[in-house]
Amino acid sequence: MSRDPFLIDSHKLIYHPERAAAVLAVDGDWERARSIYPIYMEIAPVGACNHRCLFCAVDYVGYQSVRLDADVLAMRLPEMGRLGVRSIMYAGEGEPLLHKEMARIVTMTRQAGIDVAITTNASVIPPGFLDTLEAISWIKVSINAGTPATYAYLHQTRESDFHKVLENMQAMTQLRRERNLACTLGAQILLLEENQGEIETLARICRDVIGLDYLVVKPYSQHLFSKTHRYQEFSYEGFVNLGQSLAHLNSDRFSLVFRGHTMAKVVQSERYPRCMSVPFLWAFVMANGTVSGCSAFLLDERFEYGNINEKTFQEIWEGERRRQGFELVSRELDIAECRANCRMDEINRYLHRIRTRSVPHMNFI
């Protein structure tokens, strides 16, 4: 069986019952909704990226050469921590480690009482970054092939980048071992037509050569605004049980996290009637400072609440534009506009089950 000790193919809202209860109690009332802050945020340090992956969901944003000012984050991060933000993943519409002050940003985030994670292609390591490993909860590397040739094709880069990424990951695992650090180190691969035969090869590299904690195998999800539609028709019906044939790769120190549950949902039509996560449980900050309620609607003004370069996070989150966004999602948004298997999909399913009391005999606990 696929091992998933980190609940990557599920969700962790069950460990935040107070925040979930607050969302369920809103019942269309903005005054109740106003001060419910995100548990989790995604922040894009930079808009630029050094790869042009064939499957990139946010290609429509345009890989802009913009970056967040670390001095602005020095003001906003402590405020976010005080208001209830518990975790930030640095990723976004660009490659986060292209920001030369990433080490400082990580340190400031942790000092604000916020857990830190990073999703990266790991082809570059900014100055001092490795020394902040002790402040990071986890790093996940997007590496979508097990051979240099396929990697270069899918990432639209040089084959030498494949070897550079492996070297950088090895540097992380070596430092973690030398300093006895707790940072979880993993990788992920999108299961695509071109790389389906390289999953075991990549898993063995991650497990035996680099010493990572896990490899996630996940499905592609078509972003509604993406320029690319290359994999829109790629079917996962024949792959749902692939996790069983990869289970032998699991060990006491390594997990092959095959997202079979998520793949099964790709071919399902059943969904909840509306999103209950936005604009409450998470938020996205673009590299230009724009605060968005949902990463599936970047550049959609209906989901833009303000800019951290111009206002405090509290002013943005409790402001008029978020109120308008709240009214939109609560009363108007057609769930058909949303991306299938979005970041909040499992959380929405969980909240919907509670709200509708859809489990028979619910009082027999």
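Using a distance-only test at 3.5 Å, with no hydrogens or angles considered, a donor-acceptor pair links the side chain of E79 to the main chain of F313.
Shown here for N121 and C49, the closest heavy-atom pair between the two residues is ND2-SG, 4.3 Å.
Between M263 and L242 there is no side-chain heavy-atom pair separated by less than 4.5 Å. Residues R253 and D213 fail the side-chain proximity criterion, which asks for heavy atoms closer than 4.5 Å. Between I88 and D115, the closest side-chain pair of non-hydrogen atoms is not below 4.5 Å. Looking at F284 and T290, their side chains never come closer than 4.5 Å, going by heavy atoms from C-beta outward. Using a 4.5 Å heavy-atom cutoff, the side chains of T132 and R104 are not in contact.
Figure legend: R349 and Y272 shown without cation-pi pairing, the cationic atom not lying both under 6.0 angstrom from the six-membered ring centre and within 45 degrees of its axis.
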**Asked** Run the salt bridge (Lys or Arg N to Asp or Glu O under 4.0 Å) check on D27 and R32 step by step: do they pass?
**Response** CA-CA 8 Å; D27 197 27; R32 294 180 183 176; 5.2 Å; no
**Item:** Stepwise side chain to side chain contact (heavy atoms under 4.5 Å, CB included) test for L333 and V278
**Value:** CA-CA 11 Å; L333 184 68; V278 176; over 6 Å; no
**Message:** H155 vs L54, test: side chain to side chain contact (heavy atoms under 4.5 Å, CB included). Steps then yes/no.
**Reply:** CA-CA 6 Å; H155 285 250; L54 295 177; over 6 Å; no
**Message:** Assess the residue pair T262 and D9 against the criterion (side-chain hydrogen bond (donor to acceptor under 3.5 Å, both in side chains)); give the C-alpha distance rounded to whole Å, side-chain angles, the decisive distance to 0.1 Å, and a yes or no.
**Reply:** CA-CA 7 Å; T262 301; D9 203 25; 2.5 Å; yes
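The pair E318-R322 does not count as a salt bridge, with every side-chain nitrogen at least 4.0 angstrom from each carboxylate oxygen.
Residue pairs satisfying the salt bridge (charged side-chain N to carboxylate O under 4.0 Å, His left out) criterion with at least one member in residues 289-308, sequence neighbours excluded, are listed as follows: D300-R302, R302-E337.
Among the candidates R207, M172, M169, K140, the single residue satisfying the side-chain contact (heavy atoms from CB on, under 4.5 Å) test with L212 is M169.
Take A152 and apply the side chain to side chain contact (heavy atoms under 4.5 Å, CB included) test, not counting sequence neighbours, and it matches E159.
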